[in-house]
Amino acid sequence: MSNAEEQTGPAVTGSVAHRVPDLGALELLLAVARLGSLGGAARELGITQPAASSRIRSMERQLGVALVDRSPRGSRLTDAGALVTDWARRIVEAAEAFDVGAQALRDRRDSRLRVAASMTIAEYLLPGWLLALRAQRPDTAVSLHAGNSAAVAERLLSDEADLGFVEGLSVPAGLDSAVIAHDRLIVVTAPGHAWARRRRSLAAEELASTPLILREKGSGTRQVLDAALGGLARPLIELSSTTAVKAAVVSGAGPAVLSELAVGEELAMRRLVSVPVEGVALARDLRAVWPTGHRPTGPARDLLSLTRG
């Protein structure tokens with residue numbers, strides 16, 4: 001051993017976390033100092049006396065000094081124990097301040113939820129989910145931005161939304177996802193349209209060659225339809241919302257392909273007619289999405305759970 005080592009002891013190495021007792025041990029030492037009893041400290045902290053004794057011994061081995069003198073009359077701090085207790089009090093107070101600050105951050109996070117959703121999900125599914133969330137979290141303020149799937153991805157990636165919902169065929173780059181529901185697109189026309197009186201299913205070729213009232217490019221509905229027809233569908237009109245597309249079809253402007261979720265009321269009231277199609281894959285998954293590696297927490301996590309219920 002060198003002369004320096006003989007004077008100062010072995011060099012201290014490793015993380016400070018391995019050299020400093022954990023918070024539980026420090027809280028136990030403070031309780032012993034306050035109560036003058038290892039058994040009383042154990043009861044206050046909800047542990048057994050043998051467990052408390054073991055923790056004190058372990059802390060003494062870790063620090064290399066005796067901290068507590070035990071006798072039939074109780075437990076008394078040694079001089080070293082009194083000094084360590086003063087240090088421990090400051091560490092515990094700092095940890096309590098840390099905990100208060102972390103809770104404030106959680107409260108601020110939980111006080112709002114920013115949701116971005118593609119149009120079909122925003123109009124026909126999210127209202128019910130948000131009502132259920134309000135029952136769970138009445139103090140959380142929710143804002144909803146409705147747009148196409150591309151716009152949802154942009155908001156998530158620019159930190160303008162906490163959770164998103166899309167309905168396209170694929171997950172936008174930079175996002176993780178979970179399937180929350182399934183949907184089907186159907187061809188609809190006004191009752192007076194020639195297709196409404198067809199007895200045979202519409203062939204894929206005829207659908208592909210017919211100008212349609214379409215959602216804009218970037219929407220999940222448009223992505224699914226273009227993929228199903230093996231290329232770009234022919235636009236008669238391009239509109240930026242499902243409601244606008246439905247209104248145009250009801251007016252007799254032409255046929256459209258829309259989510260089955262979006263046209264239930266119009267079909268029941270005979271304002272629209274469903275036209276059967278063969279040879280076209282129009283099923284799709286509805287997904288919740290969030291930035292890669294950032295799993296939803298707080299209200300976003302709760303909303304995600306509700307969508308699966």
Side-chain angles (χ1 to χ4, degrees), residues 114-127 143-158 160-161 163-175 177 179-190 193 195 202 204 206-267 271-272 274-275 277 280-290:
R114 302 167 301 166
V115 180
S118 53
M119 298 301 295
T120 300
I121 297 175
E123 292 184 72
Y124 302 102
L125 293 176
L126 259 173
S143 62
L144 170 61
H145 175 84
N148 62 35
S149 296
V152 170
E154 289 176 7
R155 293 188 76 86
L156 286 167
L157 294 173
S158 61
E160 296 177 28
L163 185 64
F165 297 94
V166 297
E167 54 202 51
L169 286 174
S170 59
V171 179
L175 302 180
S177 72
V179 174
I180 56 167
H182 304 283
D183 186 26
R184 187 170 68 97
L185 302 184
I186 60 175
V187 178
V188 292
T189 67
H193 192 277
W195 283 1
L202 192 66
E206 188 172 358
L207 181 62
S209 64
T210 301
L212 302 171
I213 301 171
L214 298 173
R215 285 288 309 278
E216 79 287 4
K217 293 178 181 178
S219 77
T221 299
R222 183 69 176 270
Q223 291 174 13
V224 172
L225 179 60
D226 284 343
L229 295 180
L232 297 179
R234 295 185 60 192
L236 175 64
I237 311 171
E238 290 183 326
L239 299 170
S240 60
S241 76
T242 299
T243 300
V245 173
K246 286 195 298 183
V249 179
V250 169
S251 73
V257 179
L258 289 170
S259 165
E260 197 169 32
L261 294 170
V263 295
E265 180 180 348
E266 288 76 11
L267 292 175
R271 293 197 296 270
L272 291 177
S274 175
V275 181
V277 185
V280 183
L282 294 176
R284 62 178 177 176
D285 294 328
L286 306 182
R287 294 181 174 89
V289 289
W290 56 88

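Residues take their numbers from the sequence shown, with the count starting at 1. Any value given below was found using the heavy atoms of this structure, including those in side chains, with hydrogens, waters and symmetry copies removed.
- Partners of Ser177 according to the side-chain contact (heavy atoms from CB on, under 4.5 Å) rule, which considers only residues two or more places apart in sequence or in another chain, are Val171, Arg287, Val289.
- Residues satisfying the salt bridge (Lys or Arg N to Asp or Glu O under 4.0 Å) test with Glu216, not counting sequence neighbours, are none.
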Can I get a per-line list of side-chain donor-acceptor pairs under 3.5 Å for residues 241-251, giving both atom names and the distance, sequence neighbours left out?
| unit_1 | atom_1 | unit_2 | atom_2 | d |
| --- | --- | --- | --- | --- |
| Ser241 | OG | Ala244 | N | 3.1 |
| Thr242 | OG1 | Arg215 | NH1 | 3.4 |
| Thr243 | OG1 | Glu123 | OE1 | 2.7 |
| Lys246 | NZ | Tyr124 | OH | 2.8 |
| Lys246 | NZ | Ala262 | O | 2.8 |
| Lys246 | NZ | Glu266 | OE2 | 3.1 |
| Ser251 | OG | Ala248 | O | 2.6 |

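- The side chain to side chain donor-acceptor pair (under 3.5 Å) check on Ser219 picks up nothing, with sequence neighbours excluded.
- Of all non-hydrogen atoms in Ile237 and Ala253, the two that sit nearest each other are CD1-CB, 4.4 Å.
- Between the CG atom of Leu267 and the CG atom of Leu258 there is a distance of 9.5 Å, given to the nearest 0.5 Å.
- The side chain to side chain donor-acceptor pair (under 3.5 Å) test applied to Arg271 returns no partner, not counting sequence neighbours.
- Taking CG of Leu212 as the start and CG of Leu207 as the end, the distance is 5.5 Å to the nearest 0.5 Å.
- Annotation for Ala227 and Leu169: closest pair CB-CD1, 3.2 Å, computed over non-hydrogen atoms.
- Glu154 meets the salt bridge (Lys or Arg N to Asp or Glu O under 4.0 Å) test with no other residue; sequence neighbours excluded.
- Residues meeting the side-chain contact (heavy atoms from CB on, under 4.5 Å) test with Ala228, sequence neighbours left out: Val280, Leu282.
- Among residues at least two apart or in separate chains, salt bridge (charged side-chain N to carboxylate O under 4.0 Å, His left out) pairs with a member in residues 249-262 are Arg184-Glu260.
- Residues Val115 and Leu126 approach most closely at CG1-CD1, 4.0 Å, considering heavy atoms.
- When every heavy atom of Leu144 is checked against every heavy atom of Ala117, the shortest pair comes out as CD1-CB, 4.1 Å.
- Between Val166 and Ser149, the shortest heavy-atom distance links the atoms CB-OG, 3.7 Å.
- Across every non-hydrogen atom of Pro235 and Leu214, the tightest pair is CA-CD1, 3.5 Å.
- Take Leu236 and apply the side-chain contact (heavy atoms from CB on, under 4.5 Å) test, not counting sequence neighbours, and it matches Pro211, Ile213.
- If you take CG on Leu261 and CG on Leu185, they are separated by 9.5 Å, rounding to the nearest 0.5 Å.
- Taking Arg155 as the reference, Glu160 meet the salt bridge (Lys or Arg N to Asp or Glu O under 4.0 Å) condition, with sequence neighbours excluded.
- Taking CG of Leu202 as the start and CH2 of Trp195 as the end, the distance is 4.5 Å to the nearest 0.5 Å.
- Scored by the side chain to side chain donor-acceptor pair (under 3.5 Å) test, Ser118 finds Glu167 as partners (sequence neighbours excluded).
- In this structure, the side chain to side chain donor-acceptor pair (under 3.5 Å) partners of Asp183, at least two apart in sequence or on a different chain, are Ser259, Arg284.
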